[in-house]
Amino acid sequence: MTSNAPLVDQFQRRISYLRLSVTDRCDLRCAYCMPERQTFLPRAEVLSLEELHDMALGFIARGITKIRLTGGEPLVRRDMIELVQALGRKIGDGLEELTMTTNATRLAEFAEPIREAGVKRVNISLDTLDRDTFAKLARRDSLPQVLEGIAAARAAGLKVKINTVALKGINEAEIPELIAWAHSQQFEMTLIEVMPLGEVEEDRFDHYLPLSAMRERLEQSWTLTADDHRSGGPARYVTVAETGGRLGFITPLTNNFCDGCNRVRVTATGQLYACLGGNEQVDLRAALRSDNPGDALNAALDVAMKIKPERHHFVIDKPGSAPALARHMSMTGG
Ligand code: SAM
Ligand code: SF4
């Protein structure tokens with residue numbers, strides 16, 4: 001017997017937020033995220049547009065009120081706009097918010113259509129404003145397109161949040177400037193610690209920058225005041241008096257944030273990961289491709305609630321540490 005009851009895990013956390021990866025492909029190759037020669041999934045393994053849509057409806061029926069589309073780079077998927085439009089029609093009918101995380105390379109084209117479809121906010125990943133650093137870090141010389149995409153998002157009236165991974169010796173010195181730039185455009189900004197997900201060419205320990213250290217450094221020249229704003233995610237915020245903007249910190253390594261976890265993640269092949277930092281998974285594609293997809297999906301979601309772990313166990317404590325998990329962030333999305 002399966003139910004249509006809201007999703008509540010064994011630690012009584014109500015799961016209301018789905019991060020849905022629509023592709024593992026990307027037009028950039030950020031060095032901390034994926035190797036240059038990443039092997040992408042065969043297209044046949046990836047959920048079709050109809051499957052993604054049916055699955056999202058199944059989640060909404062179980063009380064998911066917020067969906068963030070991610071990847072890989074969501075906007076490299078050809079039928080992405082159709083999915084955004086279809087899910088946009090559920091806003092106000094079960095779904096409260098539809099958002100996206102993007103690298104912005106294609107936002108110049110898509111900012112307007114996604115806003116028209118009902119998306120109000122986007123998270124844009126930007127680690128540097130320096131073209132050479134960008135080209136080295138993302139292994140593609142795409143900063144001009146990204147800045148054009150960001151400008152298009154702003155012009156379309158999308159609320160923009162900039163997400164920046166803090167990287168020792170790479171963008172560390174530039175972070176105050178990046179924060180000042182984001183705040184001058186009325187963008188919120190969030191700093192993220194690099195997480196040990198998937199093999200990449202470099203040793204992440206070399207670039208791991210604890211945000212506690214970054215915060216102390218910022219406090220030498222700025223006044224940071226704790227702000228009790230919550231975005232429904234793990235970020236903790238401060239207001240910067242000098243810029244008048246809000247700054248978030250996501251600190252999976254220095255400060256565990258699992259108590260209030262309200263989310264699950266699904267990969268482009270329909271694997272539900274109950275935790276970004278764990279291997280507990282349920283195969284939703286098998287459910288969707290079964291003879292009775294509705295019941296099978298509900299049963300799979302019930303299993304997910306039973307296996308969602310209490311917390312993740314990431315550490316980056318010494319050089320040469322193996323990744324905590326074999327899969328890359330581009331599979332489960334950010
Ligand atoms: N391509 C889109 C983008 O970059 O915004 C969406 C997917 S990307 C995997 C989502 C976020 O994950 C980005 O902000 C990226 O910087 C972050 N990310 C990727 N690998 C990471 C890692 N190992 N540790 C921390 N953040 C990571
Ligand atoms: Fe692509 Fe985003 Fe990963 Fe960069 S962080 S390689 S843009 S998926």
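Along the sequence shown, residues carry numbers from 1. We count ligands from 1, going down the list as the structure has it; atoms in each ligand are counted the same way.
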Heavy-atom proximity to atom 6 (C) of ligand 1, best of Gly72, Ser21, Ala104: Gly72

Near Asn103, which atoms of ligand 1 are under 4.0 Å from a heavy atom of that residue? 2 (C), 3 (C), 5 (O)

Looking only at heavy atoms, is any part of Thr70 under 4.0 Å from ligand 1, and if so is it the side chain, the backbone, or both, or is it neither? side chain

Determine whether a donor-acceptor pair (N or O, by modelled atom type, separation under 3.5 Å) exists between the side chain of Arg121 and the backbone of Val160. no

Distance check, rounded to the nearest 0.5 Å: Lys120 atom NZ versus Leu158 atom CG? 10.5 Å

Ligand 1 and Asn123, any nitrogen or oxygen pair closer than 3.5 angstrom? no

Strictly under 4.0 Å, does any heavy atom of Glu193 approach an atom of ligand 1? yes

So, does Arg139 use its side chain to make a donor-acceptor pair with the main chain of Arg29 at under 3.5 Å? yes

Check the pair Thr223, Glu242 against side chain to side chain donor-acceptor pair (under 3.5 Å), reporting the backbone distance first and the verdict last. CA-CA 7 Å; Thr223 319; Glu242 288 75 5; 2.8 Å; yes

For residues 167-177, which side-chain N or O atoms pair as donor and acceptor with protein atoms under 3.5 Å away, sequence neighbours left out?
unit_1	atom_1	unit_2	atom_2	d
Asn171	OD1	Leu167	N	2.8
Asn171	ND2	Asp127	O	3.0
Asn171	ND2	Val165	O	2.8
Glu172	OE1	Gly169	N	2.8
Glu172	OE2	Arg217	NH1	3.1
Glu172	OE2	Arg217	NH2	2.9
Glu174	OE1	Thr128	OG1	2.6
Glu174	OE2	Thr128	OG1	3.3
Glu174	OE2	Leu129	N	2.7

Distance-only N or O hit between ligand 1 and Ser125, under 3.5 Å: yes

Examine Cys26 against ligand 1 and note whether any of their N/O atoms are separated by less than 3.5 Å. no

Consider every N or O of Thr101 and every N or O of ligand 1, then say whether any pair is closer than 3.5 Å. no

I need the atoms of ligand 1 closer than 4.0 Å to a non-hydrogen atom of Val194, numbered in the order shown. 24 (N), 25 (C)

Would you mind listing which atoms of ligand 1 come within a distance below 4.0 Å of any non-hydrogen atom of Cys33? 19 (C), 20 (N)

Does only the side chain of Val165 get under 4.0 Å from ligand 1, or the backbone, or both, or neither? Count heavy atoms. side chain

Those atoms of ligand 1 less than 4.0 Å from some heavy atom in Met195: 22 (C), 23 (N), 24 (N), 25 (C)

Contact partition for Thr102 relative to ligand 1, non-hydrogen atoms under 4.0 Å: backbone

Any N/O/S of Cys33 under 2.8 Å from atom 3 (Fe) of ligand 2? yes

Side-chain touch Met100/Leu75, heavy atoms, less than 4.5 angstrom: yes

Any side-chain to backbone donor/acceptor pair from Thr164 onto Leu126? Under 3.5 Å, distance only. yes

Using distance alone, with no hydrogens and no angle criterion, decide if Glu97 and Thr65 have a side-chain donor and acceptor under 3.5 Å apart. no

Please name all residues satisfying side-chain hydrogen bond (donor to acceptor under 3.5 Å, both in side chains) with Asp54, sequence neighbours left out, ordered by chain then number. none

